[in-house]
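For the numbers below, each heavy atom of this structure counts, side chains included, while hydrogens, waters and symmetry mates do not. Note that ligands are numbered from 1 as they come in the structure, with each ligand's atoms numbered from 1 the same way.
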Amino acid sequence: MLTLYSMPSSGNSYKVRLLLSLLGRRYHHVPCETRSPDLQAAKTEGKLPLGKVPALHLDTGEVLSESNAILWYLASGTPWIPDDPLAQARMLSWMFFEQNRHEPAIAVRASLRCYPHLADEATPELLDQLLESGNGILELMEHGLHDQDWFAGDTPTIADIALYAYTHTAEDRGGFNLSPFPALRDWLKRTSTLPGYEPLTGPAHG
Ligand SMILES: N[C@@H](CCC(=O)N[C@@H](CS)C(=O)NCC(=O)O)C(=O)O
């Protein structure tokens with residue numbers, strides 16, 4: 001049985017829980033909320049090789065870190081990764097974009113607004129700066145969806161899961177306005193109605 005160490009409130013962890021749910025895979029869940037004794041224990045006991053959640057423990061004893069690498073592993077051999085190398089490369093480019101540019105703006109703004117222990121860092125200047133960069137990211141996503149339903153083409157891939165995690169809470173947690181992005185809003189709805197979809201249930205305030 002797979003064992004997943006994940007943070008209930010975190011988008012990076014939610015990506016993995018969402019894919020497991022869409023795939024109908026059973027797993028043992030070890031919740032490690034931010035700043036909790038459970039997270040500290042997982043670190044101390046060496047359960048998180050890179051010091052962060054999510055971490056997926058396989059039956060073989062191997063442990064995988066980094067949400068998007070875990071998505072790749074779990075989706076291998078399923079329709080969530082396209083066969084065509086060009087479509088795969090398109091999918092990966094959106095996944096690198098998610099980690100390098102989307103998360104540092106959209107997820108970071110949400111964390112600064114929601115986690116009480118980050119309140120001191122949440123200056124109006126920084127929040128404004130992240131609002132501007134995040135809106136630029138949302139614009140790029142809107143453009144990416146202008147003539148297709150999913151980021152890598154005609155079918156959903158793990159790029160959609162990676163991008164969905166922090167985009168679907170961009171309004172309520174991040175304080176972004178998605179009204180100017182109709183294709184993006186349609187894609188969010190399309191994703192949330194996939195068979196096996198599981199919502200993010202973790203608290204906005206970890
Ligand atoms: N790039 C990593 C980011 C992992 C990460 O930063 N996890 C955070 C939660 S989103 C964490 O473990 N925070 C707890 C801590 O740093 O103590 C991924 O995508 O998995």
Which side-chain hydrogen bond (donor to acceptor under 3.5 Å, both in side chains) pairs, counting each pair once, include a residue from residues 120-145, with sequence neighbours left out? none
State whether the side chain of E66 and the backbone N or O of N68 hold a donor-acceptor pair below 3.5 Å, judged by distance alone. no
Mark yes or no for whether R113, through its side chain, and R173, through its backbone, hold a donor-acceptor pair below 3.5 Å. yes
Pairs under 3.5 angstrom, nitrogen or oxygen on both sides, ligand 1 versus protein: list them out, please.
{"residue": "ligand 1", "atom": "1 (N)", "partner": "E66", "partner atom": "OE1", "Å": "2.8"}
{"residue": "ligand 1", "atom": "1 (N)", "partner": "E66", "partner atom": "OE2", "Å": "3.4"}
{"residue": "ligand 1", "atom": "1 (N)", "partner": "Q99", "partner atom": "OE1", "Å": "2.7"}
{"residue": "ligand 1", "atom": "7 (N)", "partner": "V53", "partner atom": "O", "Å": "2.8"}
{"residue": "ligand 1", "atom": "12 (O)", "partner": "V53", "partner atom": "N", "Å": "2.9"}
{"residue": "ligand 1", "atom": "16 (O)", "partner": "K52", "partner atom": "NZ", "Å": "2.6"}
{"residue": "ligand 1", "atom": "17 (O)", "partner": "K43", "partner atom": "NZ", "Å": "2.5"}
{"residue": "ligand 1", "atom": "19 (O)", "partner": "N12", "partner atom": "OD1", "Å": "3.4"}
{"residue": "ligand 1", "atom": "19 (O)", "partner": "S67", "partner atom": "N", "Å": "3.4"}
{"residue": "ligand 1", "atom": "19 (O)", "partner": "S67", "partner atom": "OG", "Å": "2.6"}
{"residue": "ligand 1", "atom": "19 (O)", "partner": "Q99", "partner atom": "OE1", "Å": "3.3"}
{"residue": "ligand 1", "atom": "20 (O)", "partner": "S67", "partner atom": "N", "Å": "2.8"}

Side chain Y166, main chain G11, donor-acceptor under 3.5 Å: yes
Would you say S13's side chain and M7's backbone share a donor-acceptor pair under 3.5 angstrom? yes
How about N177 and S179: does a side-chain donor come under 3.5 Å of a side-chain acceptor? yes
